[in-house]
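Okay, structure first, notes after.
Atoms within a ligand are numbered from 1 in the order they appear, just like the ligands themselves. Hydrogens, waters and symmetry mates are skipped; everything else that's a heavy atom, side chains included, is used. Computed from a predicted model, the values in this text were never measured in an experiment.
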Amino acid sequence: MASIKGAPEGGIIAPLRQSPQTAAASVAEGMVDECPEPILRLSPDGVILFANAAAGHVLRHWRVASGETVPAPWRDVLAGLMAEKNSTTAVEIECEGKLYDLRLQAVHSPGHVNVWGQDVTEVRRAESEARRIVHHDSLTGLPNRNLFLDRLEQIVRQARRAKVMAAVHLVDLDYFKEVNDTIGHATGDELLKAVAERLRRIVRDTDTIARLGADEFAVIQGDLKESEGADTLAQKILDGFKKPLPVNGRDLDASVTVGVSLYPYDGEDPQQILRNADLALFHAKSDSRGGYRFFVSKMNETVQRRRAIEQDLRVALERQEFALYYQPKLSLKTCHIGGMESLIRWRHPEHGFLSPAEFIPVAERSRLIVPIGEWALFEACRRARAWQDSGMAKMKVEVNLSAVQFREKTLVETIKWVLDAIELEPECLELEITETVAMSDIEDTVQVFKNLADLGVSLSIDDFGTGYSSLSYLKRFPVKRIKIDKAFVSDIGTEHNPGAIARAVTTLGHSFGMEITAEGVETEQQLSFLLDIGCDEVQGYLFSRPLNSDDFRSFVDTFDQTQPAVAAVLRRQR
Ligand code: C2E
Ligand code: CA
Ligand code: CA
């Protein structure tokens, strides 16, 4: 028996051996001490007055010995108990791998707390096993539909509080029935296990994966701030199944189709969200297997359109739907075509020609701009080389670089590779970066510009004037040209635009040894103003719209200085 502070020698129950009561007390004492479950008595302020032999685990959990005081949180529990009449409470504790259910009973007179413990380790283990069986799929060990719906409910609740989105991705294994019949059911089971394993690798630990039906899996993506995050995961799931699955020592090809629905757009409650993901999956399968579709909901139309554009963008490159157009630039010094800007166009199978303003921002968000931009760079250089080979005078081709491309670590390497592959002289390529991009991280920009200039390519700052940046930064950049944004050219000559910005940019750019190109020149009045302020080059509908490569070639071949606008320039120069 453990020692008892302040108790008569021999135990808390006084050993009066002579009387029958004494004999009974002695039996009781023995029973308490031999009881296999913990029994303790504490003073109201937490001193352990008594603990039987089986209470060792509990004492070690509190890190105290008999006669010492229990830790502070427990003293609060005792104080709470003593404050009420006849009160009891139960607490579960874990110590040394054992779980104890402790029942605390306050005895107000004379004033102590009895504690009766029960080892519930086995009971809890059995309960959790039962729960696991009820909530998990026995083949893959993944949560089943019941647990999936529970989790989805929790995640929706959190999302509602945090005002974020959540997505459900239903993942269906393509042609499972056929495969199952061919390879046999036992191997079919192994295949399903491999699918579960692959999914575990693809998604984050915090996302829930479940098996809902024979060959149907689901992923819950919580804490989603932008719906694009759901596109990214859906694509990641598809990509994750491009590598074969290891099944019984051999590699099996498998692909999946994914249907996605979003909380809160596609439903507020788990059942509805799941139903709509199912509908999306149905549509995805009828499109063609191996892709993904979102449920078409009441989500606002621009988001919907952006999403559709992104899905189509992913296949546009391989379907060769892009084309480059070329807009000539007229040198005001020589009255010749000084070069051209390449501008991308997308021949969309349903929507016809799409302007870059519509799809470039989407491509940037999804980083699809990297392969698309590489294509544009390659195509522009290839075309420039082909024109030279066919006898056209050498001219610079300008290629627009997006922010994402500009900050890619491999940019310089890529450009060098393209120039080498096409055998185009670096002097024939000019890269345009917008002012906003250039100024977003000046130190990095200076470094990238320097690396590009070392390659021998020219650089220009596009859309100048829209970023409101300090002009003095410009002198840190090894830049050949500034392009004044068309917004500062459009109203020149009217009362809205006295042309002060165009004039200031031209003066300053010249003082740094740069050339100035004005974009969006549409009228003779604008041209005349630009000539007055000494602008070097103009680009705009007044001379030509962007042209496809054949038309550009004819434009150059038939370029005629008697064209009214050109003639006007020549007249002014004389
Ligand atoms: P940007 O680089 O400022 O290109 C000039 C835009 O002005 C082009 O629009 C051109 O067609 C248009 N433009 C030319 N002259 C006139 C004119 O006289 N009046 C008016 N109102 N507009 C004129 P576009 O082709 O629609 O391109 C829009 C933007 O898309 C470009 O603006 C550029 O930022 C981006 N972009 C185009 N091609 C590419 C590309 O290959 N890669 C990247 N990253 N961006 C591109
Ligand atoms: Ca440009
Ligand atoms: Ca521009």
Side-chain angles (χ1 to χ4, degrees), residues 309 313 316-317 321-330 339-348 352-384 396-408 411 414-415 418 429-438 458-467 479-492 502 505 516-527 530 537-549 551-552 555 565:
I309 286 182
L313 262 184
L317 258 184
E321 290 168 0
F322 293 113
L324 279 193
Y325 271 48
Y326 303 87
Q327 187 174 33
K329 302 191 301 169
L330 183 80
M340 75 302 261
E341 175 173 10
S342 63
L343 294 158
I344 196 164
R345 299 288 178 265
W346 181 10
R347 270 175 267 134
H348 190 281
F353 260 57
L354 289 187
S355 118
E358 191 158 8
F359 65 86
I360 296 276
V362 181
E364 287 192 321
R365 265 167 175 271
S366 56
R367 300 187 69 82
L368 284 168
I369 190 66
V370 174
I372 295 172
E374 271 174 26
W375 175 85
L377 174 73
F378 193 91
E379 179 61 17
C381 291
R382 193 184 65 85
R383 179 61 63 192
K396 252 184 200 153
V397 61
E398 290 180 339
V399 175
N400 290 285
L401 287 187
S402 91
V404 179
Q405 276 177 290
F406 186 67
R407 301 285 175 213
E408 276 273 293
L411 173 71
T414 305
I415 289 167
V418 170
L429 176 63
E430 184 160 321
L431 300 169
E432 293 190 4
I433 294 97
T434 65
E435 175 193 4
T436 328
V437 172
S458 313
L459 301 165
S460 64
I461 304 278
D462 202 359
D463 299 348
F464 199 84
T466 51
V479 164
K480 280 257 165 57
R481 178 186 314 284
I482 295 176
K483 299 187 82 172
I484 303 176
D485 190 65
K486 56 178 177 285
F488 302 107
V489 174
S490 63
D491 295 336
I492 277 178
V505 171
I516 310 296
T517 301
E519 297 185 313
V521 180
E522 295 181 348
T523 65
E524 293 214 12
Q525 195 177 17
Q526 290 160 4
L527 176 66
L530 293 163
E537 198 180 55
V538 287
Q539 175 182 350
Y541 296 169
L542 180 63
F543 296 100
S544 170
R545 292 185 169 255
L547 305 168
N548 69 31
S549 59
D551 290 348
F552 180 83
F555 182 86

* To do: Please say whether Leu343 places an N or O atom under 3.5 Å from an N or O atom belonging to ligand 1.
  =>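 Looking only at distances, the answer is no, because the N/O contact criterion of under 3.5 Å is not met.
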* Apex the Ca ion (ligand 3) - arms OD1 from Asp462 and OD1 from Asp463 - angle rounded to 10° ->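 Computed angle, vertex at the Ca ion (ligand 3), rounded to 10 degrees: 90°.
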* Near the Ca ion (ligand 2), is there an N/O/S atom from Glu398 that is less than 3.0 Å away? -> no
* Verify the distance test for Thr434 against the Ca ion (ligand 2): any N/O/S atom under 3.0 Å, yes or no. => no
* Mind reading off the angle at the Ca ion (ligand 2) between the OE2 atom of Glu341 and the OE1 atom of Glu432, rounded to 10°? => 90°
Is there at least one protein heavy-atom neighbour under 4.0 Å from [atom]?
atom	result
atom 44 (N) of ligand 1	yes
atom 32 (O) of ligand 1	no
atom 9 (O) of ligand 1	no

* Gap separating the CD1 atom of Ile415 from the CG atom of Leu401, nearest 0.5 angstrom ->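 Taking CD1 in Ile415 and CG in Leu401, the distance rounds to 5.5 Å.
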* Main-chain N/O of Phe488 paired to Asp485 side chain as donor or acceptor, under 3.5 Å ->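 No: the side chain of Asp485 does not pair with the backbone of Phe488.
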* To do: Select the closest option to atom 15 (N) of ligand 1 among Glu522, Gln539, Gln327, judged by heavy-atom distance.
  =>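 When every heavy atom of Glu522, Gln539, Gln327 is considered, Gln327 comes closest to atom 15 (N) of ligand 1.
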* Which atom of Ala376 lies closest to which atom of Ile344, heavy atoms considered ->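 Minimum heavy-atom separation between Ala376 and Ile344: CB-CD1, 4.4 Å.
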Nearest to [atom], what protein heavy atom do you find, and at what distance?
atom	answer
atom 30 (O) of ligand 1	Pro356 CB, 3.3 Å
atom 34 (O) of ligand 1	Asn400 OD1, 4.7 Å
atom 12 (C) of ligand 1	Lys486 NZ, 3.9 Å

* Within reach of ligand 1, part of Glu519 (heavy-atom separation under 4.0 Å) ->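 It is the side chain that touches ligand 1; the backbone stays farther off.
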* With a cut-off of 4.0 Å, which atoms of ligand 1 are near a heavy atom of Asp463? -> 3 (O)
* To do: Can you sort out which atoms of ligand 1 are near Glu341, meaning under 4.0 Å from one of its heavy atoms?
  => 2 (O), 4 (O)
* To do: Any chance you could lay out the side-chain contact (heavy atoms from CB on, under 4.5 Å) test for Leu377 and Leu429, step after step, and finish with the verdict?
  => CA-CA 9 Å; Leu377 174 73; Leu429 176 63; 4.1 Å; yes
* the Ca ion (ligand 3) to nearest N/O/S of Asp485 below 3.0 Å -> no
